[in-house]
Amino acid sequence: MNKDEHGGSCAVEGVEALEAFRAVVGFLEEGRAVALCTVEETSGSAPREAGARMAVPESGRPVGTVGGGVLEARIIDRARVCLGAGRGETAELVLDEAAEGGLPSRCGGTVRVRIEVLGAPRRVVIFGAGHVGAATARVARDAGFLPLVIDDRDDLLAPLTAEGIPTLVAGAARAVEVAALRSDDCVVVVTRGHAHDERIVTDALRGPVVSYAGMIGSRRKVAATREALGRAGVPAERIAGLRAPIGLDIGAETPGELAVCIVGEIVQALRKAGPSKPA
């Protein structure tokens with residue numbers, strides 16, 4: 001890249017880096033792991049200089065570039081191997097087809113690229129944006145989770161959205177569908193009414209086995225919901241795995257206290273289950 005006396009090259013590279021960093025944030029917010037590939041050093045003839053960056057998700061199109069062509073294709077392949085292994089590496093590639101192990105290129109230079117693996121934070125999908133749902137989203141975020149709050153009341157979702165907490169608008173009938181639950185999600189059902197809770201729990205327990213599923217409610221309400229789940233054909237083992245009443249029993253009363261006991265139970269369940277084992 002040609003440089004002018006006003007540092008035009010640096011400005012372009014700064015914009016490209018910002019694009020890659022924004023892509024990383026976007027992928028992580030979607031719950032997708034991503035590899036950040038950075039050109040650390042070059043020698044001889046190379047397509048990009050040190051500082052060029054590219055974000056490579058587990059699947060889908062990368063954002064940014066470290067040089068294009070066969071070099072970039074090789075880095076994308078290695079980045080996805082690193083994502084599968086869960087650890088990064090530093091790759092040094094020779095752009096010379098005559099060199100041992102070199103790429104099919106005649107540039108003649110070498111490029112060293114650092115590949116960093118950024119694991120996606122685990123999602124806590126919260127159905128209900130009332131006092132308890134909102135407080136749980138904030139505590140979950142502070143605990144290192146990625147909260148997602150789903151409700152059909154825009155006025156309750158707006159403050160959370162303003163705080164940078166992801167939200168989706170949907171009623172009980174479509175809430176689980178729009179959530180697109182995954183096996184490593186944690187599900188918290190704290191809606192404004194028993195009928196909403198029952199519909200969402202039923203739909204959730206018919207889907208993929210998640211890492212944690214809990215529902216708020218009195219023991220009488222919970223017993224009635226379990227009976228309804230059985231009548232709806234939900235497998236007995238899924239019903240037994242439902243954490244209800246939700247949260248650690250610490251005598252919580254206020255929304256903030258309930259949020260602490262809910263997130264505390266999630267942490268406890270995940271620690272006991274170990275990595276990648278549904279609770």
Side-chain angles (χ1 to χ4, degrees), residues 27-34 57-59 83-87 117-129 132-151 160 165-168 170 172 175-191 196-217 222 225-226 229 232 234-250 252 258-279:
F27 290 133
L28 294 178
E29 286 182 341
E30 292 171 3
R32 302 164 67 188
V34 59
E58 294 173 292
S59 60
L83 283 166
R87 59 179 181 273
V117 171
L118 305 171
R122 189 185 294 263
R123 290 200 312 175
V124 175
V125 183
I126 302 164
F127 296 95
V132 175
T136 301
R138 295 181 178 110
V139 173
R141 176 190 57 191
D142 291 344
F145 295 102
L146 177 64
L148 169 64
V149 184
I150 303 174
D151 204 301
L160 296 170
I165 293 174
T167 62
L168 290 173
V176 172
E177 177 187 349
V178 302
L181 295 177
R182 302 187 295 263
S183 61
D184 61 345
D185 285 339
C186 299
V187 171
V188 173
V189 183
V190 287
T191 76
H196 292 79
D197 287 346
E198 186 175 304
R199 173 60 189 270
I200 290 169
V201 168
T202 301
D203 290 346
L205 295 186
R206 282 173 169 165
V209 178
V210 295
S211 294
Y212 171 96
M215 181 190 74
I216 199 167
V222 168
T225 300
R226 291 186 188 279
L229 290 170
V234 176
E237 65 272 15
R238 300 293 301 274
I239 299 173
L242 177 67
R243 309 287 181 128
I246 197 170
L248 299 174
D249 186 3
I250 59 173
L258 289 165
V260 168
C261 76
I262 290 170
V263 176
E265 185 175 65
I266 291 172
V267 172
Q268 182 185 69
L270 296 179
R271 292 285 186 268
K272 286 184 177 180
S276 303
K277 295 178 182 178

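Note that this is a predicted model, so its numbers are computed, not measured.
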Work out which heavy atom in [X] is nearest to a heavy atom in [Y]; give both atom names and the distance.
X: Val190; Y: Gly133; value: CG2-CA, 3.7 Å
X: Ala129; Y: Asp151; value: N-OD2, 2.7 Å
X: Leu229; Y: Thr202; value: CD2-OG1, 3.2 Å
X: Ala259; Y: Val139; value: CB-CG2, 3.8 Å
X: Ser211; Y: Arg122; value: OG-NH1, 2.8 Å
X: Val117; Y: Gly86; value: CG1-C, 4.2 Å

Next item on the list: Would you please test Val267 and Tyr212 for side chain to side chain contact (heavy atoms under 4.5 Å, CB included) and show each step?
Entry: CA-CA 10 Å; Val267 172; Tyr212 171 96; over 6 Å; no
Checklist line | Worked check of side chain to side chain contact (heavy atoms under 4.5 Å, CB included) between Leu242 and Val201 | finding: CA-CA 9 Å; Leu242 177 67; Val201 168; 4.0 Å; yes
Any side-chain heavy atom of [X] within less than 4.5 Å of one from [Y]?
X: Pro57; Y: Phe27; result: yes
X: Leu148; Y: Leu168; result: yes
X: Val189; Y: Ile216; result: no

Checklist line | Thr167: partners by side-chain hydrogen bond (donor to acceptor under 3.5 Å, both in side chains), with sequence neighbours left out | finding: Thr161
Check: With sequence neighbours left out, what residues match Asp203 under side-chain hydrogen bond (donor to acceptor under 3.5 Å, both in side chains)?
Finding: Arg199
Checklist line | Those residues that, when tested against Asp197, pass salt bridge (charged side-chain N to carboxylate O under 4.0 Å, His left out) (two or more places apart) | finding: Lys221
How would you list, by chain and number, every residue that makes a side chain to side chain contact (heavy atoms under 4.5 Å, CB included) with [X], sequence neighbours excluded?
X: Val222; value: Met215, Arg226, Ala244, Pro245
X: Ile165; value: Ala137, Arg138, Arg141, Pro147, Val149, Leu160, Glu163
X: Leu248; value: Ile250, Cys261, Glu265, Gln268

Notebook entry, point to check: Can Val176 and Phe127 be said to form a side chain to side chain contact (heavy atoms under 4.5 Å, CB included), step by step?
Noted result: CA-CA 9 Å; Val176 172; Phe127 296 95; 4.1 Å; yes
Check: Please walk me through it: do Leu146 and Val124 pass side chain to side chain contact (heavy atoms under 4.5 Å, CB included)?
Finding: CA-CA 6 Å; Leu146 177 64; Val124 175; over 6 Å; no
Next item on the list: Without swapping roles, check the side chain of Glu58 against the backbone of Ala33 for a donor-acceptor pair under 3.5 Å.
Entry: yes
